[in-house]
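Predicted model, so just to flag it, every value in this text is computed and none were measured. Note on naming: letters A, B, ... go to the chains in the order of the sequence lines (proteins, then strands), and numbering restarts at 1 for each one.
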There are 2 protein chains.
Amino acid sequence: MLNVAIKPLPATVAEIRHGSCHLRSVADREENVILRAGSCLYRMNDEIDEVYLVNSGALKVHRFSESGEQQILGFYLAGDIVGLDALPTGIACSEAVALDTTSITRIRLSSVFEGREAFSSQDLVRLMGVSLTRENDLAMMLSQRTADRRLAWFLTEYANRLTVIGFSPKEFSLPMTRTDIALYLGLALETVCRELAGFEEQGLISKDRRRIKLLDMDALQHLATGDEHPCFAELTH
Amino acid sequence: MLNVAIKPLPATVAEIRHGSCHLRSVADREENVILRAGSCLYRMNDEIDEVYLVNSGALKVHRFSESGEQQILGFYLAGDIVGLDALPTGIACSEAVALDTTSITRIRLSSVFEGREAFSSQDLVRLMGVSLTRENDLAMMLSQRTADRRLAWFLTEYANRLTVIGFSPKEFSLPMTRTDIALYLGLALETVCRELAGFEEQGLISKDRRRIKLLDMDALQHLATGDEHPCFAELTH
DNA sequence: CGTGTGCTTGAGTGAGGTCAATACCTGTGG
DNA sequence: CCACAGGTATTGACCTCACTCAAGCACACG
């Protein structure tokens, strides 16, 4: 069922999704962009008629409310598509900033819809669905009020995404600041620090500034989902 | 620019979007379903190869985390499309429940992609973009921690959507319980009550159970966005 | 070697969560 | 018609968690 909607992605994109970056076949016809850390891919209210495929590096996508508060809506790594939220109007309602030196491929929408692109509008639908699901996850998490859960969720989620693109989920270097994490999770910067310190004390992680080692993935996972850790289950029941 | 992606919706759907419910031309070829309050359109992990257009009534879409907590991801009214989050996999990762007697039109995806439908896959992309933006809004709001803002946002947002489909934004009857609102906004049920009582005391709204009157839309709007209300601005600066 | 930016830690406070009791509204059955 | 039950809404008392304010540290940069 639903064979029309979920047919496998074309090779080029599928490969990207799984970590290799052999995008040359597409890239030759498209523009490849390199962003330095801190520079902006697009800003709020920019007119854009393209989406962006991340080849390597990392981006944050954020929005500002009218009162000037910031919310980070997502972090994007290799294989992710950014800019989808501009599709309905053609106007970006968010801003994308490189956290690192980042390589991007522009994909013009007109060529997607005219079938001149390596992936079709059906693939676009599929990718938007993925984005939608991820946003739902974010909403789920934000409504779980406790800080430790949010942070555990963030770490495990991030680790999982690293696995998908072929990096070690156990030990990695975060591209974003503590402030970014706080804005993403809807917490205060200090709470992020404190909670990370707490995790380290409990032996769940070890950390040195941006460098993170996950020592007890299971426990973090259980924290994130709200399950009790098996060995503590009897304490709370 | 982006004329390919944002061409106007076909008449039938466009009309629905603006409140009239002349869907017959499409409905004849499709299944129309009536749901009673409390019954389920689809459940988590159902295989679905269709999306649903709401003709009238109201739905809530919610998810359960592994630990059994509930998060309501959205309320859907006439003209809204539900079921988009199942697109990437064909498996629903949420559950849709009628809050009221609700009329639904099923739209098979296969017929959309084969061009046999009154709207095309490009329209689908557009609608998904709208969904995505709405989810972003939800995430923005959930990260604003104060309860009064969340509730003000909820009320104004709901009123705006009523306007779009041709109902009065000033006075309406909520289809959902306080518990639903609480689960949507990531608050405790009691906080919703207290905050609503507070709004009433301040003369922003009047209420009688589900029946709500918005008395000072401006003030609510300012509360929601975090701006100070003009007449209070000097107090906080 | 100072300066800035990011990170960490402490102390105090308040918004909102939890628990609990009560009121209200609707439908059912005697 | 009234009694009762179950779902819904409201209000109060208490307490905890995370925010705020504040100060100190560490690393990178010119």
Side-chain angles (χ1 to χ4, degrees), chain A residues 36-38 58 60 69-72 97 99-101 141-155 173-202 205-212 223 226 236, chain B residues 36-39 60 67 69-72 97-101 141-155 173-202 205-212 223 226 236:
Chain A
R36 337 210 49 154
K60 65 175 171 184
E69 285 134 351
Q70 209 184 147
Q71 159 76 354
I72 291 183
V97 177
L99 295 168
D100 232 338
T101 305
M141 185 278 308
L142 286 172
S143 79
Q144 317 256 334
R145 292 145 314 291
T146 65
D148 51 354
R149 275 202 195 175
R150 294 187 190 199
L151 206 53
W153 176 85
F154 170 74
L155 290 173
S173 195
L174 292 170
M176 74 291 281
T177 68
R178 301 281 194 265
T179 305
D180 287 334
I181 299 174
L183 287 172
Y184 182 53
L185 298 179
L187 296 172
L189 152 69
E190 298 92 326
T191 307
V192 172
C193 283
R194 263 188 268 272
E195 223 55 52
L196 280 176
F199 285 175
E200 188 165 38
E201 223 166 272
Q202 295 169 57
I205 67 168
S206 80
K207 68 175 169 49
D208 176 41
R209 292 176 74 75
R210 305 266 180 108
R211 193 96 210 139
I212 303 281
L223 239 180
T236 49
Chain B
R36 338 209 49 154
S39 63
K60 65 175 171 183
S67 55
E69 283 133 352
Q70 209 183 146
Q71 159 75 354
I72 291 183
V97 177
L99 295 168
D100 230 337
T101 303
M141 185 277 308
L142 287 172
S143 80
Q144 317 255 334
R145 290 146 312 290
T146 65
D148 52 353
R149 275 203 195 173
R150 295 187 189 198
L151 206 54
W153 175 86
F154 170 74
L155 289 173
S173 195
L174 292 170
M176 73 291 281
T177 67
R178 302 280 193 265
T179 306
D180 287 334
I181 300 175
L183 287 172
Y184 182 52
L185 298 179
L187 296 172
L189 151 69
E190 297 91 328
T191 307
V192 172
C193 283
R194 262 188 270 272
E195 222 55 51
L196 280 177
F199 285 175
E200 189 165 38
E201 223 166 89
Q202 295 168 58
I205 66 169
S206 80
K207 68 174 171 48
D208 176 44
R209 291 179 75 76
R210 305 267 179 106
R211 194 95 209 138
I212 303 281
L223 240 181
T236 48

Nearest heavy-atom approach of B:R178 to B:K207 is NH2-CD, 4.1 Å

In whole angstrom, what separates B:R211's CZ from D:dT10's P?
15 Å

If you round to the nearest 0.5 Å, how far is CZ of A:F154 from CE of A:M141?
9.5 Å

For B:S206, is there any backbone N or O sitting under 3.5 Å from a side-chain donor or acceptor partner on B:R211?
no

Rounded to whole Å, CG of B:L185 lies from P of C:dG17 at a distance of 10 Å

For the CG atom of A:L142 and the OH atom of A:Y184, what is their distance to the nearest 0.5 Å?
8.0 Å

Rounded to 10°, the helix from C:dC1-D:dG30 to C:dG30-D:dC1 deviates from straight, judged by its five-pair end axes, by 30°

State, to 0.1 Å, how close A:L223 and A:A152 come at their nearest heavy-atom pair, and which atoms those are.
CB-CB, 3.8 Å

Could one point to a donor on the side chain of B:E190 or the base of C:dC19 with an acceptor on the other under 3.5 Å away?
yes

Contacts under 3.5 Å, N or O only, protein and nucleotides 13-16 of chain D:
none

Distance col, row A:F199:CZ vs A:E195:CD, nearest 0.5 angstrom, shows 5.5 Å

Scanning both residues in full, the closest heavy-atom pair of A:P175 with A:D100 reads CB-OD2, 4.1 Å

Nearest-angstrom distance from the residue atom CD1 of A:I181 to P of D:dA18
16 Å

Under 4.0 angstrom, heavy atoms only, what part of the nucleic acid is B:G198 near: base, sugar-phosphate, or nothing?
nothing

Can you check side chain to side chain contact (heavy atoms under 4.5 Å, CB included) on B:L155 and B:L196, steps first, answer last?
CA-CA 10 Å; B:L155 289 173; B:L196 280 177; 4.3 Å; yes

Atom of A:L183, atom of A:Q71 and distance for their closest heavy-atom approach
O-OE1, 2.7 Å

Between B:L183 (CG) and D:dT8 (C1'), how many Å, whole number?
14 Å

Value rounded to 0.5 Å, distance of OG1 in B:T179 from CD1 in B:I72:
8.5 Å

Test of understanding: with side-chain hydrogen bond (donor to acceptor under 3.5 Å, both in side chains), list the residues that count as partners of A:T146, not counting sequence neighbours.
A:D148

B:E69 CD to C:dT18 C1': how many Å, rounded?
15 Å

Are side-chain heavy atoms of A:D180 and A:L174 found at a separation under 4.5 Å?
no

Polar-atom pairs under 3.5 Å, protein N or O versus N or O of nucleotides 13-16 of chain C: list them with distances, or write none.
{"unit_1": "C:dG16", "atom_1": "OP1", "unit_2": "B:R145", "atom_2": "O", "d": "3.4"}
{"unit_1": "C:dG16", "atom_1": "OP1", "unit_2": "B:A147", "atom_2": "N", "d": "2.4"}

Enumerate the protein-to-nucleotides 3-7 of chain C contacts in which both atoms are nitrogen or oxygen and the separation is below 3.5 Å.
{"unit_1": "C:dC7", "atom_1": "OP1", "unit_2": "A:R210", "atom_2": "NE", "d": "2.9"}
{"unit_1": "C:dC7", "atom_1": "OP2", "unit_2": "A:R178", "atom_2": "N", "d": "2.8"}

Spatial distance of atom CD (A:E69) from atom CZ (B:R149) [nearest 0.5 Å]
4.0 Å

Got a list of side-chain donor-acceptor pairs under 3.5 Å for residues 185-194 of chain B, not counting sequence neighbours?
none

What is the separation between atom CG on B:L151 and atom P on D:dA9, rounded to the nearest whole Å?
13 Å

In whole angstrom, what separates B:L196's CG from D:dT11's C1'?
14 Å

